[in-house]
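Only one structure is covered here, and it is reproduced in the block below.
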Amino acid sequence: MTAVKERSCTTLFTTVVGVLAVFPSLGVSAVATPTPREPIAPISAPVDIDARKLSLGERLFHDPRMSADGRMSCATCHPLSEGGTDHRSHVVTVAGKELLLSTPTVFNSALSARHGWLGSVESFPKLLDQKIQDRFIFNSDWKQVEERLSQDSSYAISFQSIYGSRPTAAAVGDALAEFFQSLRTTESRFDRFLRGDEGALTEDEKAGYRQFKSHGCIACHQGVNVGGNVFQRLGVFEDYFAVRGVDETADIGRYLITGRERDRHVFRVPSLRNVAATPPYFHDGSALSLEDAVHVMVRFQLGQQPDEKDVQLIVKFLKSLTGYYQGKSL
Ligand code: HEC
Ligand code: HEC
């Protein structure tokens, strides 16, 4: 812990580069490479999406028959009209069980190298298997899902015409994966700026972006998703959990998966795309506003005293990361 606290910003950068080097799937092929000038790349519209698979996947995403008791669909916790998250600090499942993690958005998740707060899942099929089987999510299994969907004649027709089969686990997974790939938000003002439209950002937003880089936020939040591709400890310079109080199981971070002491309180750095539309913030949903979240970051991740004017400028920049989905701003 002491070693961590003593890290200077330079070693922090080195650490991040080190993490990048060991991060297996960082060269994610779907991700555009950052322009030589900027450490963040604009999001491009999804290509080669099969419209029929997409619309079938969209229907499945909203279908509560995916869950054992028929009351919960993916959209229950990830409503697309609400930024792809239920905005709860802790998910409450149908069974009344309160999960310890807040719900991240599904938008642009396909552009992140790893999924979930702990970054424990590296592929969509694996994520889907977990969702179906998780006792507190769908509490089901593929056999039950296949049987349920097969009873619906309109599904039978769609699956037959697209996949030449009944609704099998593979076909359901494929349609949902196609839909998942399409969940991108494009045309944010910041992306227009990156593409050369100087007038897309106000002077304050541009100043906020410069602060975001000069303060060192960019060391952890970079790439096409402004995050989503490295692991870092929450509380690099100061013990966040000692200050916040109450250490919950979920707070131990990647230690939960690896059992390695150095992974205690380490999380996947989340994407900041559309962050203005997805409060509350952090794995514990503890920050209710962007201002609160940036204060925590400046203090605990950068070891600096938050300067109110800088925080406001950074928040303005973060708001310019909100993009469009199906023609509507998130
Ligand atoms: C009961 C609420 C709930 C339901 C239902 C649910 N999710 Fe989630 N989802 C969560 C929570 C909570 C997390 C964070 C879990 C973690 O970090 O370990 C998450 C994480 C995710 C992520 C990772 C996002 C990222 O980039 O970090 C994706 C993608 C996702 N869910 C898609 C789905 C899909 C597809 C379905 C339907 C098959 C679904 N979810 C159903 C609550 C839910
Ligand atoms: C050392 C790496 C690191 C640095 C530097 C860093 N962050 Fe973070 N950031 C993280 C991690 C890790 C989380 C997730 C923590 C959690 O959920 O518990 C996070 C979460 C966030 C969130 C909440 C996102 C969400 O959806 O919940 C915001 C906003 C944010 N950071 C902004 C910033 C800003 C602005 C700066 C610079 C002032 C910054 N970060 C610097 C690692 C970093």
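The structure presented is a predicted model; accordingly, all values stated were derived computationally and were not measured. Heavy atoms only: backbone and side chains are in, while hydrogens, waters and symmetry mates are out. Remember, it's 1-based here, ligands and their atoms both numbered in the order they're listed.
Between Tyr209 and Phe190, the ring center distance clears the sub-6.0 Å criterion. Taking the six-membered ring wherever Trp is involved, the centroid distance between the rings of Phe231 and Phe267 does not fall below 6.0 Å. Proximity of the aromatic rings of His265 and Phe241 is defined here by a centroid distance below 6.0 angstrom, and this criterion is met.
In terms of polar-atom proximity, Phe282 is counted as a contact of ligand 2, with an N or O under 3.5 Å from an N or O of the ligand. Considering backbone and side-chain atoms together, His283 places an N or O closer than 3.5 Å to an N or O of ligand 2.
Ranking protein heavy atoms by distance to atom 16 (C) of ligand 1, first place goes to Leu101 CD1, 3.6 Å. Closest protein heavy atom to atom 12 (C) of ligand 1: Val91 CG2, 3.6 Å.
Between Phe180 and Phe124, the angle of the ring planes stays under 30°, which puts this pair in the parallel group of the 30/60° scheme.
Every atom of ligand 2 with a heavy atom of Tyr281 under 4.0 Å away is listed here by number and element: 23 (C), 25 (C), 26 (O), 27 (O). If you number the atoms of ligand 1 from 1 as listed, the ones under 4.0 Å from a heavy atom of Trp117 come out as 16 (C), 17 (O). Numbered from 1 in the order shown, with element, the atoms of ligand 2 that lie under 4.0 Å from a heavy atom of Val236 read 1 (C). Atoms of ligand 1 lying under 4.0 Å from at least one heavy atom of Thr105, given by number and element, are 24 (C). The atoms of ligand 1 that sit less than 4.0 Å from any heavy atom of Phe180 are 29 (C). Using a 4.0 Å cut-off to heavy atoms of Ser73, the atoms of ligand 1 that qualify are 5 (C). Close approach of ligand 1 to Leu128 is summarised as follows: ligand atoms under 4.0 Å from at least one heavy atom of the residue are 38 (C).
Remark: distances from the non-hydrogen atoms of Arg114 to ligand 1 are all 4.0 Å or more. Using a 4.0 Å heavy-atom cutoff, Ala219 is absent from the residues neighbouring ligand 2. The shortest heavy-atom distance from Ser102 to ligand 1 is under 4.0 Å.
Residue Arg268 touches ligand 1 through its side chain alone, judged by heavy-atom distances below 4.0 Å.
Of the options Ala276, Pro306, Cys220, the smallest heavy-atom separation from atom 3 (C) of ligand 2 is shown by Cys220. For atom 27 (O) of ligand 1, the candidate residues are Gly119, Gly116, Gly227, Gly228; the nearest heavy-atom contact is made by Gly116. Within the set Ser271, Ser67, Ser109, Ala75, the minimum heavy-atom distance to atom 26 (O) of ligand 1 is found for Ser109.
Arg192 and Ala200 make their closest contact through CB-CB, 3.8 Å (heavy atoms, listed as atom of the first residue, atom of the second, distance).
Put simply, the angle at atom 8 (Fe) of ligand 2 from SD in Met297 to NE2 in His221 is close to 180°, to the nearest 10°.
Asn108 and Thr185 share a donor-acceptor pair across their side chains, judged by distance under 3.5 Å alone.
A distance-only check finds no donor-acceptor pair linking the side chain of Glu238 to the backbone of Arg299 [under 3.5 Å].
For atom 8 (Fe) of ligand 1, protein N, O or S atoms under 2.8 Å: 2 in total.
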